[in-house]
Participant: 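My questions all concern the structure below.
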Protein chains: 2
Amino acid sequence: MPTGREIAQLCGVSVATVSRVFNQPETVNEETRQRVLRVAKELDYRPNESARALSTKQSTMIGLVWDTDHRRPGWRHPYLQDLLIGLKSALSAHGYHLLMLATSGDAREVGASLADPVGYVNMTRRHHLGGLVLIDSGSDAEAFGTFAQSGVPCVALDVAVEGPRATYVTSDNAGGARMATLHLAGLGHSRIATITGPPGNEPSDARVAGYRAALREAGLAPREDYVVSGDFYRASGIAAMQRLLALDEPPTAVFTASDEMAVGALLAARAAGLQVPRDLALVGFDDIEIASVVDPALTTVSQDKPGFGVAAAKAIMAMITGAGREEPVVLPTRLVVRQSCGS
Amino acid sequence: MPTGREIAQLCGVSVATVSRVFNQPETVNEETRQRVLRVAKELDYRPNESARALSTKQSTMIGLVWDTDHRRPGWRHPYLQDLLIGLKSALSAHGYHLLMLATSGDAREVGASLADPVGYVNMTRRHHLGGLVLIDSGSDAEAFGTFAQSGVPCVALDVAVEGPRATYVTSDNAGGARMATLHLAGLGHSRIATITGPPGNEPSDARVAGYRAALREAGLAPREDYVVSGDFYRASGIAAMQRLLALDEPPTAVFTASDEMAVGALLAARAAGLQVPRDLALVGFDDIEIASVVDPALTTVSQDKPGFGVAAAKAIMAMITGAGREEPVVLPTRLVVRQSCGS
DNA sequence: CATTTCACCGTAAGCGGTTACATCACCGTA
DNA sequence: TACGGTGATGTAACCGCTTACGGTGAAATG
């Protein structure tokens, strides 16, 4: 690999000039600029990123904090791939890369994991990362606070964090839930239940709020026994549905806070001899791939999955260059009507 | 952030000694070693990775080459998340990180994309990456050859590459296909068709080979009109199934090279008035999440998804330290029997 | 007692960039 | 003619760490 020095020698200029050609092109004479550029191209010169990072104390890498929570080993992010696609492509546009940080095993490092956010923040400094993107791993929301407070630019996904240089992006969970519930009400249902995520989980709480708001708007009385909580997993959807069906007056429609739980609800309903959507209308949330494949296909609230990544990238870039905090981003949601609601 | 120099001063030793404490502990006196370690811990010292990489010409990062092929915008890796989990955790154990390389937009870089593997290889050198992990993005297999030939340690997933420091990991595709087909034969089917992936795609070709081998073993005559090709997508499964159903003597069982296509086949069969598994037995490949959710649940050949990541990590670490080539890894597959085959 | 050996440690030269500061030629102006 | 200003470039320090090399004192050897 050619170095700046070699380019300089071949061009008869100093290394400083070569460096300037790339970093402050306007300060160098047009003619010599061209000369350097030509030689650099011929030799296929690329500035060494390690040296550059060392010198500028700033690399072109963004850390990706994503751990599958060890307390929930089976946990899967519902749309990691789409998110990464959006994130990566938007960061690429700025010449930035994504670093998936190791979480343990480095002899020089205390075990870093979400339980120990400090380890990650140290990583950030060690590698001169520009910032962190925090992907919700199912819990550990409190750890995100530590990240946000650390002063490192960071943007969290689906967790509202606050910090000197932190922000977050989330979907319009309340709006989506409201739409879904209103849709069910519009179909004539008056006994509409909801299966929520874990209490305290922000997207889940927002969805519940949206559900309640819709009931009010539709003039329906809220019933506490129509709000049962799950944990976004399929199994919890089954359990929750069973509880709902055991009520004296079971609901005729259910809005679930995730597609996975909706599938669970579907299975439970079917097991109980109910037909969806004839006997029970179902609406999910997420619009993951499964939603279009189950039978009946799931009506669901669709999130802008690559949009998450793109918005996160934008926010982090803004914080890196702008040195301030950014406004949180709320992505619009969209109701995708399929068969499970019976419309 | 404290530097090595500060530690050195506080301990009354030289920076060289501090460095040795971390890199060649056995060469430094036990007592001073402890002293340095203690002070380092107090100050929460971490060696700067940029400086270290610059000096050693070797970082603790592995490049991840994964682009959604622009010619197939909708393409999704069937189990990226599991793969990443395995990859990341295995690399973490060695203190290595995963760098998702940007593919374009860097002003200093020609647009790097799979169409231009050279850009990636340059990235490798710029960042002193230890090696590359190549994730099949649906096509671009020929680009992988360029990576493998570049001399950079690299391991490809599901694409057989050859190079001075290259290897690959793949599933036992032939074995899995054979198992699946034999299972169908064992169920009494004699008219067993297959829906393949794109011709030329290695896993697909291997699966076809396994299918043929199984027919031979079962004493069934191969029929060329029973081999129709798709592209792993669901839509192609639908089309392929329609072609099979249009035959004079339609198959009673179909082995498809992917679960997505199996779902397509299922839909096509249902649309044609057939009941699965009563009128048609179906076996897929991959065991993605959808497989257990469709109705009837899909019998399928399951791949060791995190195993891919772990094996890749092992191979790349071996090549980094060992400086040679590694043997390709073939992961075992396993038949998961559910309802779609009617057993 | 002189000499070799060896464990331990310091000195200093890199690694490949960035950038504050100095330099220099050249210009316009008083 | 002397002088301050300006644009283009060179000089050299620095970023923080690694490591070849050499030096030191103590122990081992003859």
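Below, chains carry the letters A, B, ... as their sequence lines are ordered, and counting in each starts from 1. None of the values given here were measured: they were computed from a predicted structure.
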Participant: Nearest-Å distance, CD (Q24(B)) to C1' (dC21(D))?
Facilitator: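 The answer, rounded to whole Å, is 13 Å.
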Participant: Report the nucleotide, chosen from dA12(C), dG16(D), dA8(D), that has the shortest atom-to-atom distance to any side-chain atom of V15(B).
Facilitator: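 Within the option list, the nearest is dA12(C).
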Participant: Can a donor-acceptor pair be found between the side chains of H77(A) and D136(A) at a distance below 3.5 Å?
Facilitator: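 Their side chains do not contain a donor-acceptor pair, so the 3.5 Å distance test is not met.
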Participant: Indicate, with a heavy-atom threshold strictly under 4.0 Å, whether S19(B) touches base, sugar-phosphate, or nothing.
Facilitator: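 Touches a base.
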Participant: Nearest whole Å is fine: how far is dT18(D) C1' from R20(B) CZ?
Facilitator: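 Those two atoms, CZ and C1', are 10 Å apart.
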Participant: Of the candidate nucleotides dA12(C), dT19(C), dC9(C), which contains the atom at the shortest distance from the side chain of V28(B)?
Facilitator: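 Side chain of V28(B) sits closest to dC9(C).
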Participant: Among V155(B), L99(B), V133(B), find the one that has a side chain to side chain contact (heavy atoms under 4.5 Å, CB included) with I62(B).
Facilitator: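 Passing option: V133(B).
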Participant: Base, sugar-phosphate, or nothing for T32(B), non-hydrogen atoms under 4.0 angstrom?
Facilitator: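 The residue T32(B) makes sugar-phosphate contact but no base contact.
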Participant: Of the listed nucleotides (dG16(C), dA12(D), dT19(D)), which one gets closest to any side-chain atom of T3(A)?
Facilitator: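 Nucleotide nearest to T3(A)'s side chain: dG16(C).
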Participant: Using ring centroids (six-membered ring only for Trp), state whether Y79(B) and F308(B) fall under 6.0 Å.
Facilitator: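 Judged by ring-centre distance (under 6.0 Å), F308(B) and Y79(B) do meet the cut-off.
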Participant: So if I take every side-chain heavy atom of L54(B) and compare against dC17(D), dG16(D), dG10(D), which nucleotide ends up nearest?
Facilitator: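 Taking heavy atoms from C-beta onward, the closest nucleotide is dG16(D).
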Participant: Any base atoms under 4.0 Å from V18(B), or only sugar-phosphate, or nothing? Heavy atoms, all strands.
Facilitator: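 Answer is nothing: V18(B) stays at 4.0 Å or more from every strand.
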Participant: Give the stems involving DNA chain C, where a stem is 3 or more consecutive Watson-Crick or G-U wobble pairs (i with j, i+1 with j-1, and so on) under 3.5 Å.
Facilitator: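 Result, WC/G-U stems under 3.5 Å: C:1-30 with D:1-30.
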Participant: Among the candidates dA8(D), dC17(D), dT19(C), find the nucleotide nearest to the side-chain atoms of S55(B).
Facilitator: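 When the side chain of S55(B) is considered, dC17(D) is the closest of dA8(D), dC17(D), dT19(C).
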Participant: Consider the side chain of A16(A), meaning its heavy atoms from C-beta on, and name the nucleotide among dG17(C), dT18(D), dG10(D) that approaches it most closely.
Facilitator: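 From the listed options, dG10(D) comes nearest.
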Participant: Where the side chain of T56(B) is defined as all heavy atoms beyond and including C-beta, which of dT18(D), dC9(C), dG17(C) is the nearest nucleotide?
Facilitator: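 That would be dT18(D).
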